[in-house]
Amino acid sequence: MKLQIYTVFDEALKAYTTPIFLQNDQVAFRQFLNMCQDQEHPFALNPADYTLFNIGEFDDETGQLIHLTPI
């Protein structure tokens with residue numbers, strides 16, 4: 001299975017979070033949106049400071065990692 005690799009850029013910190021592996025952009029966006037709306041999650045305090053990026057793809061059958069540069 002090919003999994004997409006996502007990270008969130010923190011504008012205030014000027015750094016990316018640890019990457020996570022998810023099935024597709026729709027799942028990643030839903031999860032990110034939920035984190036930004038969850039008052040228990042740090043993203044909810046300043047949601048405008050965070051941006052979701054797809055940074056690559058991982059194939060768990062071959063071990064191949066394809067890197068994408070965040071834009």
Side-chain angles (χ1 to χ4, degrees):
M1 168 186 274
K2 292 183 180 177
L3 295 171
Q4 300 302 303
I5 308 167
Y6 299 91
T7 186
V8 174
F9 183 73
D10 180 338
E11 184 63 37
L13 187 61
K14 301 292 188 209
Y16 292 90
T17 61
T18 302
I20 58 172
F21 296 77
L22 297 168
Q23 293 80 3
N24 58 49
D25 289 348
Q26 292 79 13
V27 171
F29 182 73
R30 180 180 63 199
Q31 186 169 324
F32 177 65
L33 186 61
N34 288 341
M35 288 186 288
C36 289
Q37 294 175 344
D38 178 358
Q39 296 305 309
E40 299 294 318
H41 197 282
F43 288 3
L45 296 174
N46 300 290
D49 285 349
Y50 301 99
T51 306
L52 178 68
F53 288 97
N54 180 329
I55 59 167
E57 181 177 87
F58 175 70
D59 187 329
D60 68 358
E61 291 180 15
T62 65
Q64 182 178 22
L65 182 67
I66 300 169
H67 177 261
L68 301 174
T69 302
I71 50 174

Name each donor-acceptor pair under 3.5 Å that joins a side chain in residues 38-50 to protein atoms two or more places apart or in another chain, with its distance.
unit_1: Asp38; atom_1: OD1; unit_2: Glu40; atom_2: N; d: 2.9
unit_1: His41; atom_1: ND1; unit_2: Phe43; atom_2: N; d: 3.0

Going by heavy atoms in the side chains, are Tyr16 and Phe53 under 4.5 Å from each other?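 Yes; the side chains approach each other to less than 4.5 Å.
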When the side chains of residues 55-66 are checked against the rest of the protein, which donor-acceptor pairs come out under 3.5 Å, sequence neighbours left out?
unit_1: Glu57; atom_1: OE2; unit_2: Gln4; atom_2: NE2; d: 2.9
unit_1: Asp59; atom_1: OD1; unit_2: Glu61; atom_2: N; d: 2.8
unit_1: Asp59; atom_1: OD1; unit_2: Thr62; atom_2: N; d: 3.4
unit_1: Asp60; atom_1: OD1; unit_2: Met1; atom_2: N; d: 2.5
unit_1: Thr62; atom_1: OG1; unit_2: Gln64; atom_2: N; d: 3.1

Are Leu52 and Phe9 grouped together when hydrophobic residues (ILVMFWY) are joined by side-chain heavy atoms under 4.5 angstrom apart? no
Under 4.5 Å between side-chain heavy atoms, hopping through other hydrophobics if needed: is there a path connecting Val8 to Val27? yes
Would you compute the distance between atom CZ of Phe32 and atom OG1 of Thr51 and round it to the nearest 0.5 angstrom? 6.5 Å
Is it the case that the side chain of Thr17 and the backbone of Thr7 share a donor-acceptor pair, with hydrogens and angles ignored and the cut-off at 3.5 Å? no
Using a 4.5 Å side-chain heavy-atom cut-off and chaining through intermediate ILVMFWY residues, the residues clustered with Phe29 come out as Leu33
Give the minimum heavy-atom separation between Ile20 and Gln31, together with the two atoms involved.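 So the two residues come closest at CD1-NE2, 3.8 Å.
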